[in-house]
Amino acid sequence: MPTLRQLESFVAVVDEGSFTRAADRLFVTQPGLSQQIATLEKELGGSLFSRLPRAVALTPTGRALLPHARAAVTAAERGNAAARQVTGSEGGELRIACVYSVSLGLLPGVLRRWRAENPDVTVRLFEHRHGDTLATAVREGQADVGVGPVPAQWRGRQRSLGTEEMVVLLPPNLGADDVMSPAGGEIALSRLEHVPWVQYAPDHALADVLVDACERAGYRPRVAVRTEQTAVAPLLTSAGIGPSLVPAAIVPPVFAGTIARPVPSADRELVAYTGAEPDALTTRFLGLVARAAVLMPDHVASALSRS
């Protein structure tokens, strides 16, 4: 029968997408991790991963095992936390899964309040580039609560956090007759048809947001640079590479360029969601995040009003 350590190793490789990163996460050597996976594969009678040149992919056997392995690892972690809480050595752990833009913009302020009210509760974050992988992770028990775009056909609980507004970030030092100069705090996306954009990687959810917005304006956006890191787009725009479309909440307090609302507008609803029967700790967090979520920071609202 597979051991908990083997299942932890398997789940870590799935989550990290790499034996090297999984070994770092578990504080073991890569040969030691590989041996755990090899022993598990021998126990199950089939390979769990297809080794690709720069990544790993689950085999049908691996896909069948994953939800059960994740459930076993999660149950063990929760049991350990519950036992430590009873003995007074730990106040519990809250596991939050979110999309990267939420961990950059919305969550820091929420977690500051949460830590002030729950200092003995540790928080573990699992960050995802796309709402679909986020929902899958929550469904499979990776986290107690997910925070991100509305998940499709969710059967658990949901709390709306409001509408996340996207803004266009424009490079600094624009002339009055520059095609990228906004008017009245707004810029028509149709004016940027021939301007190369700072964009996200194709599998990043925010890449779809820009493409959808520009297609509603009648064109597909050109690419100057693609980045996989959510926080990098404002930095590239600030460096003069090109405009970017980002959630208002991730705009840094000090931004060298100009902030404008896109026309047509681009936004999405954000929610916090859990399974059908969340525990008391998770329910308490749901209430707090619904009260404390800030989707339009004051410095962005002020910049828009001055434009």
Side-chain angles (χ1 to χ4, degrees), residues 74 77-78 80-82 84-86 88-131 133-135 137-139 141-151 154 156-167 205-206 229-231 233-234 246-255 259 267-305:
T74 297
E77 291 175 346
R78 299 295 281 178
N80 180 60
R84 291 174 64 86
Q85 187 172 4
V86 169
S89 61
E90 187 175 298
E93 180 183 66
L94 179 69
R95 298 167 307 143
I96 303 170
C98 62
V99 289
Y100 277 108
S101 59
V102 164
S103 64
L104 283 171
L106 182 153
L107 274 186
V110 171
L111 291 180
R112 182 174 59 247
R113 288 189 53 176
W114 174 260
R115 289 287 299 155
E117 297 176 12
N118 305 272
D120 295 328
V121 177
T122 60
V123 174
R124 185 174 178 185
L125 291 181
F126 299 89
E127 297 162 290
H128 298 263
R129 292 198 298 181
H130 202 287
T133 61
L134 164 63
V138 178
R139 188 177 294 111
Q142 181 193 58
D144 305 303
V145 57
V147 184
V150 179
W154 190 255
R157 295 189 184 181
Q158 290 187 46
R159 290 288 296 271
S160 176
L161 306 181
T163 300
E164 179 181 55
E165 184 176 347
M166 305 290 163
V167 296
L206 292 177
Q229 301 298 320
T230 304
V246 304
I250 78 163
V251 179
V254 178
F255 175 67
I259 307 172
D267 52 47
R268 61 182 180 179
E269 183 183 1
L270 292 185
V271 297
Y273 55 97
T274 71
E277 298 181 358
D279 62 16
L281 194 65
T282 304
T283 300
R284 195 156 75 241
F285 179 78
L286 282 179
L288 175 64
V289 71
R291 295 192 308 272
V294 175
L295 301 181
M296 175 58 72
D298 290 342
H299 67 277
V300 177
S302 177
L304 290 170
S305 67

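For the atom pair CD (Glu164) and CG (Asp267), the distance works out to 9.0 Å, reported to the nearest 0.5 Å. Atom CD of residue Glu165 and atom CE of residue Met296 lie 4.0 Å apart, to the nearest 0.5 angstrom. Annotation: the span from Ile250 atom CD1 to Leu106 atom CG amounts to 12.5 Å, rounded to 0.5 Å.
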Please report, to 0.1 Å, the donor-acceptor pairs under 3.5 Å made by any side chain of residues 141-151, with sequence neighbours excluded.
| unit_1 | atom_1 | unit_2 | atom_2 | d |
| --- | --- | --- | --- | --- |
| Gln142 | OE1 | His128 | NE2 | 3.1 |
| Asp144 | OD1 | Arg78 | NH1 | 3.4 |
| Asp144 | OD1 | Arg95 | NH2 | 2.9 |
| Asp144 | OD2 | Arg78 | NH1 | 3.4 |
| Asp144 | OD2 | Arg95 | N | 2.8 |
| Asp144 | OD2 | Arg95 | NE | 3.4 |

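Take Arg284 and apply the side-chain hydrogen bond (donor to acceptor under 3.5 Å, both in side chains) test, not counting sequence neighbours, and it matches Asn118. In this structure, the side chain to side chain contact (heavy atoms under 4.5 Å, CB included) partners of Ala205, at least two apart in sequence or on a different chain, are His130, Arg268. For Glu127, the side-chain hydrogen bond (donor to acceptor under 3.5 Å, both in side chains) partners two or more places apart in sequence, or in a different chain, are Ser103. With sequence neighbours left out, the side chain to side chain contact (heavy atoms under 4.5 Å, CB included) criterion links Ala292 to Val110, Arg113, Leu288. Take Thr283 and apply the side chain to side chain contact (heavy atoms under 4.5 Å, CB included) test, not counting sequence neighbours, and it matches Arg157, Pro278. Under the salt bridge (charged side-chain N to carboxylate O under 4.0 Å, His left out) criterion, Arg139 pairs with no residue at all, not counting sequence neighbours. Scored by the side-chain hydrogen bond (donor to acceptor under 3.5 Å, both in side chains) test, Ser160 finds Glu269 as partners (sequence neighbours excluded). Shown here are the side chain to side chain contact (heavy atoms under 4.5 Å, CB included) partners of Arg159, two or more places apart in sequence or in another chain: Leu286, Ala290.
Side-chain contact between Val289 and Ile96 is absent, with no heavy-atom pair separated by less than 4.5 Å.
His299 places no side-chain N or O within donor-acceptor distance of the main-chain N or O of Phe255, the cut-off being under 3.5 Å.
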Legend entry - Check against side chain to side chain contact (heavy atoms under 4.5 Å, CB included), Leu107 and Trp114: CA-CA 10 Å; Leu107 274 186; Trp114 174 260; over 6 Å; no

Legend entry - Working for side chain to side chain contact (heavy atoms under 4.5 Å, CB included), residues Val246 and Val167: CA-CA 6 Å; Val246 304; Val167 296; 4.2 Å; yes

Legend entry - Residue pair Trp154, Thr274: steps toward the side chain to side chain contact (heavy atoms under 4.5 Å, CB included) verdict: CA-CA 9 Å; Trp154 190 255; Thr274 71; 5.8 Å; no

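Closest heavy-atom contact between Leu304 and Ile259: CD2-O, 3.7 Å. Scanning all heavy atoms of the two residues, the minimum distance from Val102 to Cys98 falls at CG1-CB, 3.8 Å. Considering every non-hydrogen atom in both Leu161 and Leu295, the closest pair reads O-CD1, 3.5 Å. A pairwise comparison of heavy atoms in Val300 and Ala248 identifies CG2-O, 3.5 Å as the closest pair. When all heavy atoms of Pro108 and Gly105 are compared, the closest pair comes out as CD-O, 3.7 Å.
Applying the salt bridge (charged side-chain N to carboxylate O under 4.0 Å, His left out) test to residues at least two apart or on different chains, none of the pairs has a partner in residues 292-303.
Within 6.0 Å of atom CD in Glu117, more than 12 heavy atoms from other residues, nucleotides or ligands are found, so the atom counts as buried in its surroundings.
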